[in-house]
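Written out below as structure tokens is the structure these notes cover.
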Amino acid sequence: MTLCRIAIDGPGGAGKSTVAKILAQDLKLDYVDTGAMYRAIGLKLLNLGMEIVEGPALDEMLEKTDIDFSDGKIYLDGEDVSGFIRTPEVSMAASACSALGEVRKKLVALQKDMGGRKSLVMDGRDIGTNVMPDAEYKFYITATAEERARRRYLELKEKGEEADYDQVLEEINQRDYNDMHRDLDPLKRADDAVLVDTTEMDIETVVKNLKNMIEK
């Protein structure tokens with residue numbers, strides 16, 4: 001069986017998850033949102049009031065944690081948490097817990113298993129460099145921090161949430177720094193990944209360009 005595995009990496013707010021979802025749907029492939037997996041862990045840690053540090057408590061929590069995808073939704077311990085994982089607080093918690101060895105070990109093992117046996121689209125921060133280094137197609141999707149902050153700000157406002165552009169920009173810059181400087185599998189472009197800057201592109205154009213590269 002010929003596999004078609006598409007790895008999409010990039011910083012937060014660049015549009016990679018939206019692009020990956022549409023691409024998977026158009027190409028009739030499974031979609032795995034790895035960022036949502038880390039967000040789910042971050043959400044659980046926040047809900048439990050746990051410190052985001054390694055130790056026996058974290059190990060025990062991870063052993064009792066189940067994450068699954070179905071019909072475009074993410075389930076944490078059997079509960080649909082899709083509507084709760086996109087807040088700034090959960091974003092920061094996800095970034096913090098993604099730097100913890102035990103969290104990465106559990107989730108990367110799940111991701112590698114999926115990527116080793118079926119065709120899919122997977123997006124995250126270390127897919128092309130760590131999870132699926134042998135993926136048939138690799139893309140690194142990015143945009144300026146200012147444009148990513150503008151998109152996130154508008155997204156929050158549309159949901160009726162309080163938002164401050166300067167604070168959103170500060171959080172994005174901080175998360176970029178955290179993701180790029182963590183010891184374990186930092187965010188970086190794989191040597192053979194195609195760079196796609198979406199700063200002045202809409203989603204439809206990005207998807208069209210990626211499909212052209214995949215289908216040619």
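We use all heavy atoms of the structure for the numbers below, so side chains are in, but hydrogens, waters and symmetry mates are not. Here the structure is a predicted model, which means the values were calculated and not measured.
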Give a yes-or-no answer on whether the side chains of [X] and [Y] include a donor-acceptor pair shorter than 3.5 Å.
X      : Y      : value
Asp197 : Thr142 : no
Ser95  : Asp179 : yes
Thr129 : Asp126 : no
Lys44  : Thr65  : yes
Asp66  : Tyr75  : no
Glu171 : Gln167 : yes
Ser98  : Arg125 : no

Got more than 12 heavy atoms from elsewhere within 6.0 Å of [atom1], [X]?
X      : atom1 : result
Lys105 : NZ    : no
Lys157 : NZ    : yes
Gln25  : CD    : no
Glu170 : CD    : no
Glu161 : CD    : yes
Asp183 : CG    : no

Between [Y] and [X], does any NZ, NE, NH1 or NH2 come within less than 4.0 Å of an OD or OE carboxylate oxygen?
X      : Y      : value
Lys21  : Asp33  : no
Lys106 : Glu102 : no
Asp176 : Arg148 : yes
Glu147 : Arg151 : yes
Arg189 : Asp9   : no

Roughly how far apart are [X] [atom1] and [Y] [atom2], rounded to 0.5 Å?
X      : Y      : atom1 : atom2 : value
Arg175 : Leu187 : CZ    : CG    : 10.0 Å
Ile85  : Leu46  : CD1   : CG    : 12.5 Å
Met50  : Leu58  : CE    : CG    : 5.5 Å
Arg104 : Asp185 : CZ    : CG    : 5.0 Å
Glu136 : Arg5   : CD    : CZ    : 4.0 Å
Leu23  : Thr18  : CG    : OG1   : 12.0 Å

Are [X] and [Y] connected in the hydrophobic side-chain network, where two residues link if heavy atoms are under 4.5 Å apart?
X      : Y      : result
Ile22  : Met122 : no
Ile8   : Ile203 : yes
Leu76  : Met92  : no
Leu184 : Ile127 : no
Val103 : Ile74  : yes

Any side-chain to backbone donor/acceptor pair from [X] onto [Y]? Under 3.5 Å, distance only.
X      : Y      : result
Thr198 : Ala14  : yes
Lys138 : Pro133 : yes
Lys16  : Gly10  : yes
Ser91  : Thr87  : yes

Checklist entry - If you look at every heavy atom in Ala149 and Val168, which pair is closest and at what distance? => result O-CG1, 3.7 Å
Next on the checklist: To check you understand the geometry: which heavy-atom pair defines the closest contact between Ser17 and Asp123, and what is its length?
Outcome noted: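 So the minimum-distance heavy-atom pair works out to OG-OD2, 3.0 Å.
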Next on the checklist: Using the side chain to side chain contact (heavy atoms under 4.5 Å, CB included) criterion, which residues pair with Pro186? Sequence neighbours excluded.
Outcome noted: Arg182
Is there a side-chain contact between [X] and [Y] in this structure, where contact means two heavy atoms from C-beta onward sitting under 4.5 Å apart?
X      : Y      : value
Arg150 : Leu169 : no
Met132 : Gln111 : no
Asp30  : Ser119 : no
Leu29  : Ile6   : yes

Item to check | Thr34 vs Val32, side chain to side chain contact (heavy atoms under 4.5 Å, CB included): CA-CA, chis, key distance, verdict | outcome: CA-CA 6 Å; Thr34 64; Val32 178; 4.2 Å; yes
Checklist outcome for this item: Partner of Glu204 under side chain to side chain contact (heavy atoms under 4.5 Å, CB included), picked from Val207, Val206, Asp202, is Asp202
Item to check | Intermediate values then yes/no, side chain to side chain contact (heavy atoms under 4.5 Å, CB included), Glu215 and Leu27 | outcome: CA-CA 10 Å; Glu215 294 174 337; Leu27 299 177; 3.4 Å; yes
Item to check | Pair listing, ring pair (Phe, Tyr, Trp, His ring centres under 6.0 Å) test, anchored in residues 138-172, at least two apart | outcome: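 Residue pairs passing ring pair (Phe, Tyr, Trp, His ring centres under 6.0 Å), neighbours aside: none found.
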Next on the checklist: Using the rule given for side chain to side chain contact (heavy atoms under 4.5 Å, CB included), can you reason through Asn130 versus Val108, listing the C-alpha separation, both sets of side-chain angles and the distance that settles it, and then say yes or no?
Outcome noted: CA-CA 9 Å; Asn130 178 46; Val108 168; 3.9 Å; yes
Checklist entry - Does the side chain to side chain contact (heavy atoms under 4.5 Å, CB included) test come out yes or no for Tyr31 and Leu120, once each step is laid out? => result CA-CA 6 Å; Tyr31 168 60; Leu120 46 73; over 6 Å; no
